[in-house]
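Residues take their numbers from the sequence shown, with the count starting at 1. Everything quoted here is computed from the prediction, not taken from an experiment.
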Amino acid sequence: MLAEFTRAGAASLSASRRQRTVDFLQDCRTADGGYRGKGEQSDLYYTGFAINALAALNAEVTQAHLEFLHAHCNTPYPDTVHLCFLVQA
């Protein structure tokens with residue numbers, strides 16, 4: 001449901017605004033394919049939101065994104081929010 005709501009909102013944006021948003025998100029990506037949270041390290045929580053936003057904007061989800069998610073699949077005892085992002089991937 002969240003994905004549908006996000007896609008509908010993204011579809012209502014002009015093409016230039018969608019592209020600026022994609023550019024912003026791509027500029028925020030870290031070298032390991034993730035997205036920072038409150039600290040300097042990539043965080044699965046924020047990465048999940050960024051990837052969902054890119055998908056809603058019909059932007060490419062890259063191999064680096066997928067590798068970041070895959071690297072976190074073996075995290076012992078992820079909490080519910082992080083587990084949901086892994087399941088969506």
Side-chain angles (χ1 to χ4, degrees):
M1 182 156 161
L2 177 61
E4 294 150 4
F5 180 75
T6 307
R7 276 193 292 272
S12 71
L13 299 173
S14 67
S16 64
R17 183 161 291 190
R18 280 193 307 271
Q19 187 58 52
R20 286 194 313 263
T21 305
V22 169
D23 292 344
F24 171 78
L25 288 169
Q26 289 172 338
D27 287 345
C28 292
R29 195 179 77 188
T30 61
D32 65 1
Y35 290 81
R36 286 187 332 191
K38 296 176 182 176
E40 295 297 317
Q41 304 277 333
S42 292
D43 183 277
L44 180 58
Y45 180 76
Y46 293 97
T47 299
F49 281 113
I51 290 173
N52 283 331
L54 289 168
L57 292 160
N58 293 320
E60 180 183 12
V61 175
T62 67
Q63 185 65 31
H65 291 123
L66 300 177
E67 289 172 4
F68 177 85
L69 293 174
H70 184 264
H72 286 79
C73 285
N74 295 323
T75 303
Y77 310 109
D79 60 39
T80 304
V81 172
H82 289 94
L83 187 59
C84 288
F85 283 123
L86 290 173
V87 168
Q88 285 179 0

Non-hydrogen atoms of S12 and G9 that approach each other most closely: OG-O, 2.6 Å

If I compare all heavy atoms of G33 with all of F68, which pair ends up nearest, and what's the gap? C-CB, 3.9 Å

If you look at every heavy atom in T47 and D43, which pair is closest and at what distance? OG1-O, 2.7 Å

Inter-residue atom distance R18.CZ - L13.CG, 0.5 Å rounding: 6.5 Å

Atom of Y35, atom of L54 and distance for their closest heavy-atom approach: OH-CD1, 3.6 Å

Distance, nearest 0.5 Å, that separates OG of S14 from CZ of R20: 6.0 Å

Output the distance between atom CG (D27) and atom CZ (F24), rounded to the nearest 0.5 Å. 8.0 Å

Closest non-hydrogen atoms of A53 and L25, given as atom of the first, atom of the second and distance, are CB-CD1, 3.7 Å

Are Q26 and R29 close enough that some pair of their side-chain heavy atoms sits under 4.5 Å apart? no

